[in-house]
Structure formats: C-alpha cells, structure tokens
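Scope of the values below: all heavy atoms of this structure, side chains included, with no hydrogens, waters or symmetry mates. We number each residue from 1, following the sequence as shown. For ligands, and for the atoms within them, numbers begin at 1 and follow the listed sequence.
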Amino acid sequence: MTNIAVFASGTGSNAVNIVKSFNGGSRIRVALCLTDKEDAPVVQKMKDMCIETQYFPRSVWRENPDVILETLRSHDISLIALAGFLCFVDDRIVTAYEGRILNIHPSLLPAYGGKGMHGKKVHQAVIEAGEPKSGATVHVVTDTIDMGPIVMQKEVPVLPGDTAESLEARVHEAEYELYPNAIAKVVKSIGKNAEVSGEEAQDAVNAEPPAVPRSVDDAWAEALGVSNNVPPVPQSAPQPAPQYSQQYSQQPQPGGYQQFGYQPWPPTGSPAPAGARQSALQTAEPMPPTWLVWSIVITILCCFIPGLVAIIYSSKVSSKYFAGDIEGAKRSSRNAEIWIIISFVLGVVSNTLYIPLSIAGLF
Ligand code: GAR
C-alpha cells in the first residue's frame with residue numbers, strides 16, 4: 001500500500017475525487033490531508049470521509065517545514081498531491097520529496113501558469129485572450145512555480161459565451177479524470193517509498209500511463225456507454241462523532257498546528273457505510289469489450305432467431321385453422337412448440353456455457 005498526502009486550501013473537490021478514486025483499494029490510499037487554511041471547506045469534506053486532516057498556519061509552512069516533513073514521514077507518505085493548495089511549498093519539502101510532489105493546474109501549462117495564476121483568474125485570462133481551448137495539467141513540483149515536468153494534460157474546448165465559471169466547471173471535470181490517472185502513473189513508476197532523483201522522476205513522467213484500475217460496474221458502464229456516477233459518501237455513514245468533537249476541542253499542538261479527527265476509511269472493524277464506494281475500485285479487472293459483443297451475438301443466434309421462428313409458426317396456427325386446414329394448424333402448433341423449446345434450451349445452454357468459456361479465455 002502506498003500512502004499519499006493531499007495538500008489543499010479550498011473547496012477540495014479534487015481532494016475528494018482522489019480519495020474516492022483510491023481509498024478502499026489495495027494499492028494507494030490518501031492517508032493524510034494537510035491544509036494552510038483552518039476553515040477551508042476541504043477540511044470538513046476530508047473529515048466526512050474519515051481522512052486525517054491537519055492544519056498548519058502559514059508561518060509553519062514558511063519557517064518550520066521540518067514539522068511538515070516529520071508529519072509526512074510519521075504517516076509513511078510516499079507521494080504528495082497538491083489539489084488547490086495555495087501556500088508556498090518550501091524547498092526543503094520539495095527536495096525531500098523530489099519528483100514525488102504533483103500539482104494540478106487549470107490550464108494547458110506552460111500557458112497561463114506562474115505566480116498569482118490560480119483558480120478563476122486562470123480561466124478569466126484564457127477567456128479574455130480568446131483561446132479556443134484550455135484544459136488541465138498535472139506536473140511535478142520543482143522550485144519554479146508551474147514549471148516542473150508535465151505528467152499529463154487534458155484539453156477542453158473554450159465555448160462561445162463561456163464565463164470563468166462555466167469554463168472552470170468544464171476544466172474541473174477534466175481534472176477529476178486526469179489527476180487520479182497521473183497519480184497512479186507516478187506511484188507505479190517510482191514504487192513505494194522509493195527515493196527518486198530528478199532524472200528518475202522525469203523517466204516516470206515519460207512512462208506509459210497506467211489506466212486507473214476500474215471496478216466491474218465502471219467497466220460495464222463504459223462498455224454500455226452510460227454513466228456510473230456513484231453518489232457521494234452519505235453524511236449518515238457510521239462515523240466516530242464523539243471522537244471528532246473530542247479532537248476538535250484539542251488545544252493547538254506544539255508547533256502551532258491543530259489536529260482534526262482521524263479514523264481509517266472505512267472505519268476499522270465496522271462495515272463500510274451503505275452506498276459508499278467499495279474497494280472493488282482498485283482490484284477488479286475491466287470487462288473485455290468482446291464479451292459484450294459475443295453475448296449479443298449469442299443471444300441473437302440462440303434466443304432471438306428461434307423465438308422469431310416460433311412466433312411465425314404460432315401466427316400460422318390461427319390462419320390455417322380459420323382456413324379449414326386443421327391438420328396444417330396442428331403441424332404449425334407442433335412446430336411452434338418445438339421452436340419455443342429450442343429457443344429455451346439454446347438460450348440456457350449458451351448462456352451457461354458462455355460464461356465459463358469466456359472466463360477461460362476461449363472467447
Ligand atoms: C483546481 O481547479 C486546481 O486546478 C486549481 O485550483 C482548483 C482547486 O479546486 N489549482 C490552481 O489553480 C493551482 N495554481 P478544488 O479545491 O475544488 O479541488
């Protein structure tokens with residue numbers, strides 16, 4: 001299991017998406033969220049998802065990054081994902097996690113990046129410049145703002161009449177797809193706890209992206225061309241409410257930070273809350289698309305065609321009967337019965353055999 005930390009200062013929709021993409025699986029999990037904004041919406045969202053969240057004031061981020069590093073090490077963090085984190089990341093942290101800090105930026109870097117460019121300001125600048133397209137970029141954090149090696153990018157169009165808000169919403173959707181893939185790619189490349197050099201980080205960036213593992217239902221949804229939006233974790237999920245209030249009431253810790261509630265996800269020893277995304281996300285294999293094609297072909301051959309023949313014979317029964325051809329009506333009736341039985345038997349046999357044969361790889 002590779003532990004990752006998310007740094008966030010704002011709404012936290014990317015942080016939530018990263019947690020939903022990985023936690024509950026067996027390879028990667030968000031073990032920690034750090035923030036420089038005590039009352040940022042992301043704090044409550046992480047708490048709702050039972051992710052340990054710690055607040056450090058900017059003075060600590062700037063003057064005492066060793067406290068941050070110690071916290072990261074004590075949680076065995078291998079990779080850091082900045083998700084709307086608006087505080088400066090000290091060089092000592094960048095050096096300690098060289099090649100293992102990622103950032104997401106809401107434009108096609110290197111365009112519209114750099115100091116002061118974040119969130120809506122970026123989208124406003126893109127619209128004002130009349131750009132036909134924008135997008136999102138995940139890059140490795142280095143000592144130069146928004147200039148580290150690019151891990152992945154995803155384009156979106158800028159549409160006529162777009163406002164900063166509408167473009168932001170479109171870019172956000174791209175980010176939700178992009179960031180988990182980029183994290184999976186870098187984690188796979190660097191390996192757990194690997195101390196990587198800048199060169200190795202660049203290799204990781206150049207490597208082929210592994211697809212984020214999908215659940216069976218995601219794979220089905222993709223094959224059928226429908227959406228598989230899992231509802232967010234319900235607020236009514238069993239949560240250690242007393243623990244939270246207890247921990248919230250804690251005095252700030254030495255070093256000037258305050259620790260928020262923590263409980264592993266799903267809470268140890270208790271079942272995952274109903275409706276919550278389950279661990280299949282990372283372990284299930286995608287369904288091969290050929291299965292769907294074969295199952296449609298077999299259903300047509302074995303069930304639909306014999307069924308159609310049976311219907312044709314059935315319709316002949318009454319027409320022959322009323323034409324006075326009693327023998328013919330009997331024959332058609334018998335044929336209809338036979339084809340109904342054939343359709344039933346073929347349907348059952350083909351579907352029963354098809355599943356093990358497909359699993360054995362014969363289809
Ligand atoms: C994201 O769009 C991210 O790309 C951007 O802040 C937003 C955070 O949204 N980051 C930057 O602009 C960094 N320069 P979120 O809090 O909903 O994830």
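- Protein heavy atom closest to atom 14 (N) of ligand 1, with residue, atom name and distance, is His105 ND1, 3.1 Å.
- Judged by the shortest distance from any of its heavy atoms, Met117 lies inside the 4.0 Å radius around the atoms of ligand 1.
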Pair Asp36, Ser9 - check side-chain hydrogen bond (donor to acceptor under 3.5 Å, both in side chains), show working. CA-CA 6 Å; Asp36 63 318; Ser9 313; 2.7 Å; yes

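- Between Ala8 and Ala83, the closest heavy-atom pair is CB-O, 3.3 Å.
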In sequence, state the C-alpha distance, the side-chain angles, and the governing distance for Tyr313 and Glu337, and then conclude on side-chain hydrogen bond (donor to acceptor under 3.5 Å, both in side chains). CA-CA 9 Å; Tyr313 275 120; Glu337 281 168 14; over 6 Å; no

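- Contact annotation for Glu168 and ligand 1: no heavy atom of the residue comes within less than 4.0 Å of the ligand.
- Here is the list of ligand 1 atoms found below 4.0 Å of a heavy atom in His118: 11 (C), 12 (O), 14 (N).
- Of the protein's non-hydrogen atoms, His172 NE2, 3.2 Å is the one closest to atom 9 (O) of ligand 1.
- Atoms of ligand 1 lying under 4.0 Å from at least one heavy atom of Thr11, given by number and element, are 16 (O), 17 (O).
- Side-chain N or O atoms of Asp146 include one that pairs as donor or acceptor with a backbone N or O of Gly114 at under 3.5 Å.
- The single protein non-hydrogen atom nearest to atom 16 (O) of ligand 1 is Gly12 N, 2.8 Å, given as residue, atom name and distance.
- Which of Thr137, Val6, Leu82, Ile104 comes nearest to atom 10 (N) of ligand 1 through a heavy atom is settled by distance: it is Ile104.
- The distance between the ring centers of Phe7 and Trp61 falls below 6.0 angstrom.
- Counting protein heavy atoms only, atom 1 (C) of ligand 1 is closest to Glu175 OE1, 3.3 Å.
- Atom 17 (O) of ligand 1 has as its closest protein heavy atom Ser13 OG, 2.5 Å.
- What sits closest to atom 12 (O) of ligand 1 on the protein, heavy atoms only, is Gly119 N, 2.9 Å.
- Nearest protein neighbour of atom 5 (C) of ligand 1, counting heavy atoms only, is Pro106 CD, 3.8 Å.
- Ligand 1 has no atom lying under 4.0 Å from any heavy atom of Ala8.
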Check the pair Ser21, Tyr179 against side-chain hydrogen bond (donor to acceptor under 3.5 Å, both in side chains), reporting the backbone distance first and the verdict last. CA-CA 10 Å; Ser21 299; Tyr179 212 177; over 6 Å; no

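- For the residue pair Arg62 and Asp90, the shortest heavy atom distance occurs at O-OD1, 3.7 Å.
- Met117 contributes atom CE, which lies 6.0 Å from atom NE2 of His105 (distance to the nearest 0.5 angstrom).
- One hydrophobic cluster holds both Leu178 and Ile28 under the rule that ILVMFWY side chains link at heavy-atom gaps under 4.5 Å.
- Looking from atom 6 (O) of ligand 1 to the surrounding protein, the closest heavy atom is Gly84 CA, 3.7 Å.
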